[in-house]
Asker: 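One structure, as structure tokens, below. Some questions next.
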Amino acid sequence: MAVNRMFRVCPATGFKVHEPAEALMKINAVTAVVALLVGGILALLVILTRWQTVHLLPADAFYMVLTAHGLNMLVFWIIFFEVAVLYFCGTVLLNSRLATPTFAWVAYALMLIGALVNNYAVMIRGDSSVMFTSYVPMGAHWSFYLGLILFAVGALIACFVFLGTLVVAKAERTYNGSVSLVTFGALTACIIAVFTIAAGAIILIPTFFWSIGLISHIDSLMYRTVWWGFGHSSQQINVSAHVAVWYAIAAIVFGAKPMSEKVSRGAFLLYILFLQLASAHHLLADPGLTSNWKIFNTSYAMYLAVLASMVHGLTVPGAIEVAQREKGFNKGLFEWLRKAPWGNPVFSGMFISLIGFGFLGGISGVMMGTEQLNLIIHNTIYVPGHFHATVVVGTTLAFMSLTYFVIPTIFRRELMFPGLAKWQPYLFGLGMSGFSLFMMGAGTLGVPRRHWDMSFAGALMQHEFPATAWLMMTLMAITGLVAIVGGAAYLLITVCSVFIGKKITTPGFKHISARDNAAAPVSLPNVVVPSHGNIGTAGFVAPGTFVLAIGFLISFVLYYFVNWKYLSTVWPLN
Amino acid sequence: MANASPQNSNDELSDEPIPPMQQLLDNPFALLFLGVAMPTVLYIVWGVMEIVGIPIAK
């Protein structure tokens, strides 16, 4: 079988890009952005309904829109983009060709068909408003489950294409030593994806048979337990992928090298071993499962994964600080940060993503993963507040900032509306941070998630929330609209740049055709890490990052204990 | 070491045995096995066994 070994050299970065892989990266990224557009429009409708003053949609339309929003954002947008990231890390960063592009196209086709079929079930048939979680015995139309299964099979094939690419790169010696740290992060995401998809298959295939009448009963607790192996782990793919993107952007923008490759790789190993176990925190209020299982999975094991996140949260800004100080921004604690390129959306988006993920998503995640504290906020709007901080501020914003690098290098188009692009990460990141915070605030006051009408108008059993909860929900809606404007700006910039942006033509552009058994010529990076020289203060090469980390730990401890105090007031134990 | 030429340094580095942890981290399929086996045993199998062990109401 003929092997396509056509590469082009990117004049901007020097990367050698395998052309079949490039086409696949483009189509997956473009499809991801289309899913983001659909999910974004639906997000607007959800916000305008939960904003009680507007209360736009009737109840049945609200639940349909909320289901479609969850699936398009949490599954289709994210995983299409992650497949593009996997192909980028497997081929471009390793100077390798993509293994079996034909299978990669089959994977794409299955994912696309799956996404379309699922959206058809939810939005066109309108009889599958079962939320992202689709808990049995609440049943959806069979096409809902079939769409998800097709999508998952496609994503699984894409994961194995990535793993095959690693084998090809090693066999053809396109790199020396170990794969780059960014590729290792992508491998971590890929491994978590394989477990995630397997868990999804274990439960969604029988549920599909149940929906067509071949199976009479599915136990609801069994469903919830196995389903969360899919539902929560799918968000852990995001964490690994966006951490890899952080490392990539630190290297791209600053030429930053990881402070310690060993430590960073060790942290990714902790993700591989323990991150998926956090799925159990969705079941902390469920009877039937023992506290041993709950505590081991959410606490003992999850804290090792939390440790890994804190390592990444320390080493990424630390690496940036060291790189900046080596360039001469060495005064005081924070000159390196003040003089960072805040007008460059690749950096600003990534840094807001890092801070938002750590302070909002990370701390609230640990609080929620504590069995006793979980009772305060279980099934309240605090939960979507938490995961909008992790998945939207963390993952989506990191992916958005990577896009601003990819458009000129992979799509070879000039970025349109550069002034708007400068502001977009602030609009989206800060809007979404406020949105998450206010949801968490309302959730702490007991406002339920997935609820059409918090006023309980006409309900037999009434409940009156405090005025602060209503204020929180209004502020949530306003900041959510700011984030929607930021998301719309991203879509405008990316779609216009990719389709009608000015083409970049460079005299240095050339194709390379490598013969069989002769890999593309590679310029290997210098493996000798130079000393950091005379930078930093008081023996620390990155003192500013150290201070930020201490601030993070203090916030973490304070928030944790405030919630224990709060728990003591809501439990009538006195 | 400090005075060695880059060529010599690379030769010496290539002669050093690869530490076991690095061998593990360089083996994507061993990592794949660990990354699937750990949550399968600790989360799914353990969880399913607990659910199966719940007495059925009479």
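Remember, predicted model here, so these are calculated numbers, not experimental data.
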Asker: Measure the spacing between CD1 of A/Ile191 and CG of B/Leu34 and express it to the nearest 0.5 Å.
Answerer: 8.5 Å

Asker: Less than 4.5 Å apart, side chain to side chain, heavy atoms only: is that true for A/Tyr87 and A/Val92?
Answerer: no

Asker: Under 4.5 Å heavy-atom distance to chain B, tell me which part of A/Leu166 shows up: side chain, backbone, both or neither.
Answerer: side chain

Asker: Under 3.5 Å, is there a donor-acceptor pair between the side chain of A/Lys262 and the main chain of B/Gln22?
Answerer: no

Asker: Taking the six-membered ring for Trp, are A/His312 and A/Tyr247 parallel (under 30°), tilted (30 to 60°) or perpendicular (over 60°)?
Answerer: perpendicular

Asker: Using a cut-off of under 4.5 Å for heavy-atom pairs, which of A/Ile202, A/Thr196, A/Leu221, A/Asp219 has the most such pairs with chain B?
Answerer: A/Leu221

Asker: Could you tell me which of B/Leu32, B/Ile54, B/Ile18 has the largest number of non-hydrogen atom pairs under 4.5 Å with chain A?
Answerer: B/Leu32

Asker: In Å and rounded to the nearest 0.5 Å, what is the CD to CD distance from A/Gln276 to A/Gln235?
Answerer: 13.0 Å

Asker: Quick check for you: among B/Pro39, B/Gly35, B/Gly53, which has the greatest number of heavy-atom pairs under 4.5 Å with chain A?
Answerer: B/Pro39

Asker: Measure A/Lys170 against the heavy atoms of chain B and call it side chain, backbone, both or neither at under 4.5 Å.
Answerer: side chain

Asker: Tell me, for B/Phe29 versus chain A, whether the close heavy atoms (under 4.5 Å) come from the side chain, the backbone, both or neither.
Answerer: side chain

Asker: Count the heavy-atom pairs under 4.5 Å between each of A/Thr188, A/Thr290, A/Val194, A/Val179 and chain B, then report the option with the highest count.
Answerer: A/Thr290

Asker: Parallel, tilted or perpendicular, judged at 30° and 60°: which one describes the rings of B/Tyr43 and A/Trp293?
Answerer: tilted

Asker: Which bit of A/Phe184 is near chain B, if near means a heavy-atom gap under 4.5 Å: side chain, backbone, both or neither?
Answerer: side chain

Asker: What part of A/Leu289 lies closer than 4.5 angstrom to a heavy atom of chain B: side chain, backbone, both or neither?
Answerer: both

Asker: So which part of B/Leu25 gets closer than 4.5 Å to some heavy atom of chain A, the side chain, the backbone, both or neither?
Answerer: both

Asker: Indicate the ring-plane relationship of A/Tyr135 and A/Trp227, choosing parallel, tilted or perpendicular according to the 30° and 60° boundaries.
Answerer: perpendicular

Asker: So which part of B/Leu31 gets closer than 4.5 Å to some heavy atom of chain A, the side chain, the backbone, both or neither?
Answerer: both

Asker: For the CZ atom of A/Arg265 and the CG atom of A/Leu270, what is their distance to the nearest 0.5 Å?
Answerer: 14.5 Å

